[in-house]
Number of protein chains: 2
Amino acid sequence: MALQPRNISDAGLRRLAAYHKVLQEMLLAGTPTVSATGIARVLALEPSQVRKDIEATGIAGKPKVGYPLAVLIRWIEDFLGWNNTKQAVLAGAGSLGSALLGYQKFRQLGMDIVAVFDNDPLKVGRTIHGKQVFFPDKLPSFALGAHIHLGVIATPASAAQATADLMVAGGIRALWNFAPAHLRVPDFVVVRNEDLYDSLASLTYKLEKRMAAERKAAAEVCAPVESAVVLLDACTW
Amino acid sequence: MALQPRNISDAGLRRLAAYHKVLQEMLLAGTPTVSATGIARVLALEPSQVRKDIEATGIAGKPKVGYPLAVLIRWIEDFLGWNNTKQAVLAGAGSLGSALLGYQKFRQLGMDIVAVFDNDPLKVGRTIHGKQVFFPDKLPSFALGAHIHLGVIATPASAAQATADLMVAGGIRALWNFAPAHLRVPDFVVVRNEDLYDSLASLTYKLEKRMAAERKAAAEVCAPVESAVVLLDACTW
DNA sequence: ACGGAATCGAGAAGACTTTCTCGATAAGGA
DNA sequence: TCCTTATCGAGAAAGTCTTCTCGATTCCGT
Ligand SMILES: NC(=O)c1ccc[n+]([C@@H]2O[C@H](COP(=O)([O-])OP(=O)(O)OC[C@H]3O[C@@H](n4cnc5c(N)ncnc54)[C@H](O)[C@@H]3O)[C@@H](O)[C@H]2O)c1
Ligand SMILES: NC(=O)c1ccc[n+]([C@@H]2O[C@H](COP(=O)([O-])OP(=O)(O)OC[C@H]3O[C@@H](n4cnc5c(N)ncnc54)[C@H](O)[C@@H]3O)[C@@H](O)[C@H]2O)c1
């Protein structure tokens with residue numbers, strides 16, 4: 001009765017992270033087991049989708065009960081690589097970079113930023129959130145020597161490609177890019193763009209569509225002359 | 001020969017934002033027109049996908065030439081709502097919130113943060129990046145009065161739901177949530193989660209898989225006893 | 001011990017996205 | 001002017017992701 005291994009989509013990986021958060025809250029509440037149905041209810045998803053995502057981790061559940069909570073959390077963490085902490089380097093110690101540096105929770109998510117690189121002479125040599133700042137030209141040898149494979153880019157967009165090149169030269173295999181720039185890297189490097197432009201795009205598009213729909217609906221209710229009197233009190237202006 | 005309106009996926013919206021960045025660089029370079037093929041080459045995408053995405057904006061191109069660059073940029077901005085600037089409120093003036101406040105480019109993307117709300121008495125009344133900080137309980141009336149429909153949440157996760165509730169009460173219709181929490185909001189509110197947990201999930205998963213594959217490949221090359229001598233110089237340790 | 005209810009696991013069906021294909025069209029050179 | 005080439009636009013095909021469905025399993029109350 002072994003579970004068959006499944007491919008998981010990017011969306012599925014993100015959902016697993018969401019389940020992880022929900023599960024930890026449930027753990028605090030003392031629940032011993034959890035069902036896919038239960039998770040789905042909290043996150044407003046389809047139970048079968050939650051089950052499929054969880055299947056990807058390889059854990060087996062029991063009918064009628066679900067999954068043992070603590071074990072499921074552990075399997076998700078193992079599956080996502082969060083129990084195998086990876087050291088990381090950060091480039092760009094500006095306002096965003098500093099915020100990332102000060103963010104304690106990354107450790108729990110398998111990432112530990114161990115060094116910072118910035119080309120501002122005023123910042124080099126100083127310490128930010130306990131991490132020393134170096135010149136970017138030291139990055140490749142440092143990363144190679146420390147066997148670091150994860151890099152975070154928080155430089156201006158104009159410096160992002162050069163920074164990525166340095167990181168790749170330093171043996172970095174995964175890039176977390178916060179600059180609004182498209183990076184060209186070799187095939188063996190994974191890139192995740194955390195581009196706020198892209199995110200805002202869908203938000204502003206949907207907001208605009210929604211507001212337009214509301215204006216239209218309001219117009220339909222209030223505009224027709226023949227029903228104006230009847231519907232007047234439905235309009236608040 | 002009118003273009004037929006198409007539905008666009010979330011991924012498509014993000015790609016449009018990426019095209020927009022590429023196009024602006026081309027504009028600086030002085031190019032007068034651009035083809036879907038050209039954009040696709042830069043971003044390593046399929047030309048037909050770029051064409052489909054651009055079709056969604058409703059602009060018409062010319063065979064053999066493509067699209068007029070400046071016009072295309074304008075159409076994408078209009079389509080995404082970036083030319084119709086929306087005022088926004090921010091909750092949580094911590095390290096992330098301050099970084100967002102200081103980020104000038106949001107204005108170009110249709111968003112203008114006009115007020116900040118934080119429950120830390122030390123921050124209330126002060127000014128951060130030119131924006132005054134208020135107590136959160138002032139949020140609903142302020143948002144209603146100013147007809148603000150966009151809200152940014154940068155509070156701790158524990159305060160995110162309460163903050164979202166305040167925003168919804170204030171007439172906010174779109175939430176940009178940076179806290180790692182699942183928000184429950186009415187159907188008419190759009191939520192975009194900018195959850196770094198979720199993002200890290202796919203990055204750590206892929207990095208781990210890649211490194212595992214590399215270790216396996218290395219082992220295959222170096223482990224077999226019969227070929228050890230021949231392949232010794234292929235191994236660097 | 002038995003029957004009902006809840007859940008899992010997995011395959012099938014359906015919905016959505018991406019890629020392919022091809023006719024039409026416009027530019028540029030022979 | 002005519003031919004070649006690049007590109008668009010749209011429908012078809014292929015692929016991927018999500019939702020549905022159902023038999024099997026387990027728990028719980030009677
Ligand atoms: N601040 C935000 O809220 C925010 C939001 C979205 C995106 N971003 C993006 O994140 C990036 C950083 O933003 P920020 O607000 O922190 O900017 P910032 O100007 O505060 O910081 C940029 C830092 O990068 C350093 N730097 C410049 N060139 C460098 C190089 N070649 N190598 C290493 N370091 C270099 C600078 O010295 C500076 O310290 C930008 O690309 C920005 O577009 C920021
Ligand atoms: N710093 C980062 O790099 C980073 C990265 C990813 C996610 N986040 C998330 O972003 C959020 C903010 O992170 P941060 O690093 O800025 O934290 P922070 O502690 O620096 O700032 C939080 C701010 O929110 C304020 N606050 C608390 N309760 C509030 C309430 N009910 N209403 C309004 N304001 C309230 C606090 O006074 C504080 O100023 C957190 O949810 C965090 O998980 C931060």
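Lettering follows sequence order; numbering is per chain, from 1.
Computed from coordinates, the A/I8 CD1 to D/dT16 C1' distance equals 14 Å when rounded to whole Å. If you take CG of A/N7 and P of C/dA10, they are 15 Å apart, rounded to a whole angstrom. Distance, A/K52 NZ to C/dA12 P: 11 Å, rounded to whole Å. For the pair B/I54 CD1 and C/dT18 P, the interatomic distance rounds to 14 Å; values are reported in whole Å. Residue A/D10 contributes atom CG, which lies 11 Å from atom P of D/dT18 at whole-angstrom precision. A straight line from CG of B/L45 to P of C/dT17 spans 16 Å, rounded to a whole angstrom. Straight-line distance from the CD atom of A/E46 to the P atom of C/dG14: 16 Å, rounded to whole Å. In this structure, CG of A/L43 is placed 16 Å from C1' of D/dT18, rounded to the nearest angstrom.
For the residue pair B/D165 and B/Q161, a side-chain donor N or O sits within less than 3.5 Å of a side-chain acceptor on the partner.
A/T33 places no side-chain N or O within donor-acceptor distance of the main-chain N or O of A/Y67, the cut-off being under 3.5 Å. At distances below 3.5 Å, not a single donor-acceptor pair connects side-chain atoms of B/K105 with backbone N or O atoms of B/Y103. B/H149 places no side-chain N or O within 3.5 Å of a backbone atom of A/L207 that could act as its donor or acceptor partner.
Residue B/S48 places its side chain closer to C/dT19 than to any other of D/dG9, C/dT19, C/dT18. Comparing D/dG9, D/dT18, D/dG11 by their closest approach to the side chain of A/Q49 singles out D/dT18.
Both tests pass for A/K21 against the ring of B/Y197: distance under 6.0 Å to the centre and angle within 45° of the axis.
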Polar atoms only, N or O, under 3.5 Å: list the protein pairs with nucleotides 1-7 of chain D and their distances.
{"from": "D/dT5", "atom 1": "O2", "to": "B/K64", "atom 2": "NZ", "distance (Å)": "3.1"}
{"from": "D/dT7", "atom 1": "O4'", "to": "B/K64", "atom 2": "N", "distance (Å)": "3.3"}

Go through the steps for A/R14 and B/S202 under the test side-chain hydrogen bond (donor to acceptor under 3.5 Å, both in side chains), then give the verdict.
CA-CA 7 Å; A/R14 304 186 132 252; B/S202 79; 5.8 Å; no
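A/S9 comes within 4.0 angstrom of sugar-phosphate atoms only, judged by non-hydrogen atoms across all strands, and of no base.
Under the ring pair (Phe, Tyr, Trp, His ring centres under 6.0 Å) criterion, A/H20 pairs with A/W82, sequence neighbours left out.
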